[in-house]
Amino acid sequence: MTEHATDANPKNGVQNGKSIAPRHDPKVITALRRFAISITIFNILGYTLLGFEQPWSWPLVALATAYATEIVLELVGARMEGRAARFAGGGPKGMMEFLFPAHITGLALNMLTYVNDHIEVMVFGVVVAVSAKWILRAPVRGRLRHYMNPSNLGICVILLLFPWASIAPPYHFTENVDTWVGWLIVAIILISGTILNAKLTGRMWLIGAWLATFALQAIVRGWLFDTSIPAALGMMTGVAFVLFTNYMVTDPGTTPSKPASQVAFGSGIALLYGFFMVAHVAYGLFFATAAVCLIRGLFFWSLHFVDKARTQREAELREAGSGEAEAVALSGNGSSNGNGNGQTGARLKDDSPAVRT
């Protein structure tokens, strides 16, 4: 989720007497802005030229649902946490930057799912996707952060709860254009997405690991399970795959930043995808991404509980140590008092009349 604060005094994080969330990295804001612009342009072209299958009004409904859900939950969260809303005080620009994630989520979920004429299912998926950012969170560096990719989770929930629903057919990205135009679209998405991720999100390690492991699992499935290797590798040339690679799996809010963690994340998704294909589970890309995000969230919670248990144990040891030190001190004081009383008694005895006589 974009965390945006527009405070006159950002150093202390206070606005009108209320604490506010810290600012996001400016690079992340820029990345989200470009993500939002890219997916908006692609939807406009999709409905006017390319051949998107959903009704033209549905993106507007998806956006309205995403905006409303995000704003309501932010107001509720701000009230419960005793802080100002993240969009408060920023004017139109602050509101726009706050709504970038909701904008991307709404358009992506509508664009990538096909639910026949059941618009309520699409709306339900958008609500689930945006709400999950407030429900499925884990402690990271002392703050609760969402760990499930919102759009991907909303899609998975729709596929699981409504078996008749499906992913939007891949052909609808280039249905009404010639073959060379389709390849041009792939090239444009690939180049623009790669530049965006290289300069702003810093997720190139993730992309590289994801692509290399995907190709490897395709070859392994061909050797072990007689899968057509050219067909398995050919999936990597489609518009849907390129979109997934550059705009879904690289979500900066739910993916790791360190290179080694990025490699594990991207490779994990590819390996799980291969497992789902071998197990004949459809829509493996989305389920694999959700599974890896869930594993990452559970890992964060395990670290939290381990650190909490260690801190509690250290506190108990310190308390026990202080108790022992206090007992030793009291014992030392008692010994000193005993020796003093004995010496006083001896002096009294020497000063008695019988001794003097």
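- Using a 4.5 Å heavy-atom cutoff, the side chains of E70 and T105 are not in contact.
- When all heavy atoms of T255 and V249 are compared, the closest pair comes out as CG2-O, 3.3 Å.
- Put simply, the side chain of K27 does not reach to within 4.5 Å of the side chain of P252, judged on heavy atoms.
- Enclosure of atom CH2 in W58 by more than 12 non-hydrogen atoms of other residues, nucleotides or ligands within 6.0 angstrom is indicated.
- Using a 4.5 Å heavy-atom cutoff, the side chains of P139 and F305 are not in contact.
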Quiz item: Run the side-chain contact (heavy atoms from CB on, under 4.5 Å) check on Y47 and S57 step by step: do they pass?
Solution: CA-CA 10 Å; Y47 282 98; S57 60; over 6 Å; no
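- Other residues, nucleotides and ligands contribute over 12 non-hydrogen atoms within 6.0 Å of the CZ atom of F241.
- Using a 4.5 Å cut-off on side-chain heavy atoms (C-beta onward), F214 and Y273 make contact.
- Scanning all heavy atoms of the two residues, the minimum distance from L75 to A85 falls at CD2-CB, 4.2 Å.
- For the residue pair G222 and I229, the shortest heavy atom distance occurs at CA-CG1, 3.6 Å.
- Cluster membership check: M248 shares its hydrophobic cluster with M236, using side-chain heavy-atom separations under 4.5 Å among Ile, Leu, Val, Met, Phe, Trp and Tyr.
- Counting only heavy atoms from C-beta outward, the side chains of R34 and T30 approach each other to under 4.5 Å.
- Between F52 and F42, the ring planes lie perpendicular to each other; the angle is over 60°, past the 30° to 60° tilted range.
- Following chains of ILVMFWY side-chain contacts shorter than 4.5 Å, one can reach L285 starting from L294, so the two form part of one hydrophobic cluster.
- Shown here is Y283, whose OH atom has more than 12 heavy atoms of other residues, nucleotides or ligands within 6.0 Å.
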Quiz item: Please walk me through it: do D307 and H304 pass side-chain contact (heavy atoms from CB on, under 4.5 Å)?
Solution: CA-CA 5 Å; D307 290 341; H304 171 72; 6.0 Å; no
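- By the 4.0 Å N-to-carboxylate-O rule, R86 lies too far from E97 to be salt-bridged with it.
- Heavy-atom minimum distance, A209 versus S267: CB-OG, 3.6 Å.
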Exercise. Using the ring pair (Phe, Tyr, Trp, His ring centres under 6.0 Å) rule, take F244 and W210 through it: C-alpha gap first, then chi angles, then the decisive distance, then the call.
Key: CA-CA 11 Å; F244 183 89; W210 152 249; 5.7 Å; yes
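- Contact record, G297 with A138: O-CB, 3.9 Å, taken as the closest heavy-atom pair.
- At a threshold of 4.5 Å between side-chain heavy atoms, the hydrophobic network of Ile, Leu, Val, Met, Phe, Trp and Tyr places I191 and I185 in two separate groups.
- For the pair P59 and L107, the tightest heavy-atom approach, listed with the atom from each and the gap, is CB-CD2, 3.9 Å.
- Side chain to side chain, T201 and N197 meet the donor-acceptor criterion of an N or O pair below 3.5 Å.
- Contact of the I158 side chain with the F286 side chain is not registered, since no non-hydrogen atoms from C-beta on lie closer than 4.5 Å.
- Cluster annotation: L200 and M96 are assigned to the same hydrophobic cluster (Ile/Leu/Val/Met/Phe/Trp/Tyr, side-chain heavy-atom contacts under 4.5 Å, transitive).
- For N43 (side chain) and I39 (main-chain N/O), a donor-acceptor pair under 3.5 Å exists by modelled atom type.
- Expressed to the nearest 0.5 Å, how far CG of L224 lies from CD1 of I219 amounts to 11.5 Å.
- Heavy-atom neighbours of W301 CH2 from other residues, nucleotides or ligands within 6.0 Å: above the threshold of 12.
- By the criterion of side-chain heavy atoms lying less than 4.5 angstrom apart, applied directly or through intervening Ile, Leu, Val, Met, Phe, Trp or Tyr residues, F100 is grouped together with F98 in one hydrophobic cluster.
- In summary, the side chains of N149 and T289 do not present any donor paired with an acceptor at a separation below 3.5 Å, with no hydrogens or angles considered.
- Here the side chains of E74 and W134 are in contact, with some heavy-atom distance below 4.5 Å.
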Would you give me the side-chain donor-acceptor pairs under 3.5 Å for residues 160-179, sequence neighbours excluded?
{"residue": "H172", "atom": "ND1", "partner": "E53", "partner atom": "N", "Å": "3.3"}

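- Between the CE atom of M111 and the CD1 atom of I155 there is a distance of 8.5 Å, given to the nearest 0.5 Å.
- With a 4.5 Å cut-off on side-chain heavy atoms, S257 and R203 count as touching.
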